[in-house]
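Okay, so here's the structure we're looking at.
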2 protein chains.
Amino acid sequence: MEAKRMSRKQEDMALLLGNQICFAAYSTAHAFNRVYKPLLDTLGLTYPQYLVMLVLWERDGLAVNEVGELLHLDSGTLTPLFKRLEAARLVTRTRNPEDERQVRIRLTAAGRELREKAKNVPPGILRACNRSVDELMKLKDQFVALRDQLNAALG
Amino acid sequence: MEAKRMSRKQEDMALLLGNQICFAAYSTAHAFNRVYKPLLDTLGLTYPQYLVMLVLWERDGLAVNEVGELLHLDSGTLTPLFKRLEAARLVTRTRNPEDERQVRIRLTAAGRELREKAKNVPPGILRACNRSVDELMKLKDQFVALRDQLNAALG
DNA sequence: CTCGATTACATTGCATGCAATTATATTGTA
DNA sequence: TACAATATAATTGCATGCAATGTAATCGAG
């Protein structure tokens, strides 16, 4: 099983691509962040905080590491983030009596109510993307497949 | 011109998508970062520092704002980054005599030499992606088109 | 049951990103 | 030429991300 021979120019292009594909992902993520910013400002949330709230709105009372697995984030990021959400009175942090190592994150009433305000966010994002739902769905699936492949390559 | 009516379930899915497309980009960018990390560690560079070096290897002597435009980064990010590259003796920072507001970034000999070592990086990335060059090229173009659309939606 | 391994979270240190502000230099205009 | 507007970096403050380390709780092999 031998790969087809590439010309020197094709090889150079392939090498450039190795850099470009990552920069494309990197700069797209930042562009999304800029679009989200004004929308999330009205909620008083940063984008990672918004992600955490999305998780909690679906499944309240998760432990820190459970949220971390869903979002690919560790305690070094999440502990201070949850402390800020706690200071904002959106969540409470309590040790799990069943397992004192775990800290359960629970929404406060204010945290639950914020969900209503947050309903404006996705339509704003979809509008900014200026693409059909079908197109975006396909694009998202390609992102996710690539991401999972990259994570698999680490293991 | 009226959009087709969507069922409630379809609407919910569309709203979820607004969140999912961004998270897909966000988590893909982080996955890339994790793949790059061990490769860049051998160069003593972080990913943003590597991006800056890629730019300088192509066009030495750019001003801070010119690099910033190419990478979508501002002086708040780049000034400390360049100072660290300067401390690592990879670049020099000198005011442009023609326009004292600008700071020109120039590679040192060591900075230019690092380019050889850096040739190993893109193949490692391409391997981790586990996709044909053609596939990756298309994916990259889709990323870029979405990113440009998002940036346009801000203006 | 016991003690080493593992797990979960917290902490520290470092490097982004970005908003907001400041300082300095240049440009444009009356 | 004066001087307001603009442009370029630098600085400050805040919030990630992540590696490395610390601490306490739990698990598991013998």
Side-chain angles (χ1 to χ4, degrees), chain A residues 23 26-38 40-41 43-53 62-69 71-88 90-91 93-105 151 154, chain B residues 23 26-38 40-41 43-53 62-69 71-88 90-91 93-105 151 154:
Chain A
F23 180 64
Y26 167 89
S27 54
T28 303
H30 285 314
F32 265 118
N33 218 312
R34 281 191 286 275
V35 172
Y36 266 105
K37 183 81 169 50
L40 295 183
D41 278 350
L43 305 181
L45 295 176
T46 65
Y47 180 67
Q49 290 169 1
Y50 172 70
L51 283 180
V52 164
M53 294 300 285
L62 288 179
V64 172
N65 67 328
E66 294 172 313
V67 176
E69 239 172 81
L71 301 180
H72 310 292
L73 295 173
D74 71 355
S75 73
T77 301
L78 289 177
T79 295
L81 188 154
F82 282 129
K83 284 187 176 176
R84 281 186 283 271
L85 289 182
E86 187 182 38
L90 295 173
V91 306
R93 299 160 64 245
T94 52
R95 290 279 164 185
N96 179 357
E98 318 269 316
D99 183 342
E100 289 281 345
R101 291 172 302 181
Q102 291 189 336
V103 170
R104 294 212 166 284
I105 308 296
N151 283 329
L154 287 174
Chain B
F23 180 66
Y26 168 89
S27 53
T28 303
H30 285 314
F32 265 118
N33 219 313
R34 281 191 288 274
V35 172
Y36 266 105
K37 184 83 167 52
L40 294 183
D41 278 350
L43 306 182
L45 295 176
T46 64
Y47 180 66
Q49 289 168 2
Y50 172 69
L51 282 180
V52 164
M53 294 301 285
L62 288 179
V64 172
N65 67 328
E66 294 172 314
V67 176
E69 239 173 80
L71 301 179
H72 309 291
L73 296 173
D74 70 356
S75 73
T77 300
L78 289 178
T79 294
L81 188 154
F82 281 130
K83 284 186 177 177
R84 282 186 283 271
L85 289 182
E86 186 182 39
L90 295 174
V91 305
R93 300 161 62 244
T94 52
R95 289 280 165 186
N96 179 358
E98 318 270 314
D99 183 340
E100 289 281 345
R101 290 172 303 182
Q102 292 189 335
V103 169
R104 295 213 163 284
I105 309 295
N151 283 329
L154 287 174

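Within every chain, numbering begins at 1; the chains are lettered A, B, ... in the order of the sequence lines, protein sequences first and strands thereafter. Note that these values count all heavy atoms, side chains included, but never hydrogens, waters or copies made by symmetry.
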Nearest-Å distance, [atom1] ([X]) to [atom2] ([N])?
X       : N      : atom1 : atom2 : result
A:Leu62 : C:dA8  : CG    : C1'   : 15 Å
A:Leu45 : D:dT16 : CG    : P     : 10 Å
B:Phe32 : D:dG17 : CZ    : C1'   : 18 Å
A:Phe82 : D:dT16 : CZ    : C1'   : 14 Å
B:Asp74 : C:dA19 : CG    : C1'   : 8 Å
B:Leu40 : D:dC18 : CG    : P     : 14 Å
A:His30 : C:dA19 : NE2   : P     : 12 Å
B:Leu85 : C:dT16 : CG    : C1'   : 13 Å

query = Can you name the residues that form a side chain to side chain contact (heavy atoms under 4.5 Å, CB included) with B:Ser27, not counting sequence neighbours?
reply = A:His72, A:Arg147, B:Phe23

ask   = What pairs with A:Asn65 under side chain to side chain contact (heavy atoms under 4.5 Å, CB included), at least two apart in sequence or on another chain?
value = A:Ala63, A:Gln102

query = Once each nucleotide of nucleotides 9-15 of chain C is scored for protein heavy atoms under 4.0 Å, what B/S/- sequence comes out, 5' to 3'?
reply = BBB---S

Go through the structure and list residues passing salt bridge (charged side-chain N to carboxylate O under 4.0 Å, His left out) with [X], not counting sequence neighbours.
X       : answer
A:Lys83 : none
B:Arg95 : none
A:Asp99 : A:Arg101

task = Please work out if A:Asp99 contacts a base, only the sugar-phosphate, or nothing of the nucleic acid, heavy-atom cut-off 4.0 Å.
result = sugar-phosphate

request  = Using a 4.0 Å heavy-atom cut-off across all strands, classify A:Tyr26 as base, sugar-phosphate, or nothing.
outcome  = sugar-phosphate

remark   = Ranking B:Asn96 and A:Arg34 by the position along DNA chain C of their nearest nucleotide, the one closer to 5' is A:Arg34

remark   = Between A:Glu100 and A:His72, whichever has its closest DNA chain D nucleotide further toward 5' is A:His72

Any B:Tyr47 side-chain nitrogen or oxygen under 4.0 Å from OP1 or OP2 of D:dG17 = no

inquiry  = Is the distance from the ring center of B:Tyr47 to that of B:Phe32 below 6.0 Å?
reply    = no

Side chain to side chain contact (heavy atoms under 4.5 Å, CB included) between B:Phe82 and B:Val52, worked out = CA-CA 9 Å; B:Phe82 281 130; B:Val52 164; 3.3 Å; yes

